[in-house]
Amino acid sequence: MPELPEVETVARGLAKVLVGKRIARALVRRADLRLPFPKGLAQRLKGRTILKIDRRAKYVLVHLSEGLALLIHLGMSGRMLLGTGAAPKGKHAHFAIETEDGAHACLEDPRRFGCVDLANEIDLDRHRLLAGLGPEPFDPALDAKTFRERLARKRGPIKVALLDQALIAGVGNIYASESLFRSKILPTRPANSLSPSEVKALLADLRAVLSEAIASGGSTLRDHVRPDGELGYFQHHFAVYDKEGEPCPRCHSKAEILRIVQAGRSSFYCQRCQR
DNA sequence: CCTTGAACCTGCGGGC
DNA sequence: TGCCCGCAGGTTCAAG
């Protein structure tokens, strides 16, 4: 489910309901996600006030009183459910917090590729899950020149480079293909072969693609539910992702959208438009 | 260094 | 209808 736009949507939705509230209790039903939950998780959350909720890369950051931060990663299949009253008890409802005024937020994750961790606010940037992350796509300090320097270190395919969280944070498999399509760049091109103008265009198009997805509330596939409790199915349009065999929405050529596998992940592109 | 491939885990849809 | 296979939005680790 979640790439940067979806995680952003989740963070905003959670913030809307939870900021300013106090945690009455936290529930841990199954602690063996990709990483084991930290020791004493529920105890350490209890009684804290939720000050702010934002995002770094694909992590939701819940900033709590007394200098504690809760990190939540949704993996491939994770989602956050908001509600009132008792938290869900389904077999994949692994973790939940309940606020004093009767709201709850629950992490469901069938594949258990997600994770939950705690960090001290003071050294949040040095937390082991966050320390190695590259710049945020919307970081004003990330200009075309800096992006080009980063890409110049990579000999592998540009599509694979975009998925490297140490190179640029938050881009996932959908928006990597979508941004390359918009920039008319083949996913197979070596990252260090892009011209300065191509890099500039790619950065702009990546930002545009991500912005549009955030604006539409985050894109969804089958199991995404908006944390604000509205129906989770608002459709986001993809130009090429999962469109193998369909005509190109830009050049309308008879050449169909192709699917290839790079570093074990599917890439989609138009062989006519993208070079 | 850098790159690829497999592994982690569950569920769903397509083909037979 | 049911079974088997491939595939899925992410990350990490081993091996080349």
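Convention: sequence-line order gives letters A, B, ...; per-chain numbering from 1.
- With distances taken from any side-chain atom of A/Ser266 to the nucleotides C/dC7, C/dT11, B/dT3, the minimum falls on C/dC7.
- Comparing A/Lys58 and A/Arg259 against DNA chain C, the residue whose closest nucleotide sits nearer the 5' end is A/Arg259.
- Ranking B/dC9, B/dC2, B/dG11 by closeness to the A/Arg111 side chain, first place goes to B/dC9.
- Ranking B/dG11, C/dA8, B/dT4 by closeness to the A/Tyr241 side chain, first place goes to C/dA8.
- Comparing B/dT10, C/dT11, B/dT3 by their nearest atom to the side chain of A/His73 picks out C/dT11.
- Looking at which nucleotide of DNA chain B each of A/Gly156 and A/His92 is closest to, the 5′-most match is held by A/Gly156.
- In this structure, the ring of A/Tyr269 has its center no less than 6.0 angstrom from the ring center of A/Phe181.
- The base-pairing partner of B/dC9, taking Watson-Crick or G-U wobble contacts with both distances under 3.5 Å, does not exist among the strands shown.
- Side-chain atoms of A/Pro157 lie closest to B/dT4 of the nucleotides B/dT10, B/dT4, C/dT11.
- For A/Gln165, whose side chain is taken as the heavy atoms from C-beta onward, the closest listed nucleotide among C/dT11, B/dT10, C/dG10 is C/dT11.
- Contact annotation: side chain of A/Arg112 to base of B/dC9, donor-acceptor pair absent below 3.5 Å.
- Of the candidates C/dG9, C/dT12, B/dT3, the closest approach to any side-chain atom of A/Arg34 belongs to C/dT12.
- Set against C/dG9, B/dC2, C/dT11, the side chain of A/Asn173 has C/dG9 as its closest nucleotide.
- In this structure, a donor-acceptor pair under 3.5 Å is present between the side chains of A/His63 and A/Glu121.
- More than 12 heavy atoms of other residues, nucleotides or ligands sit less than 6.0 Å from atom NZ of A/Lys21.
- Whole-Å rounding puts the A/Leu74 CG to C/dG9 P distance at 15 Å.
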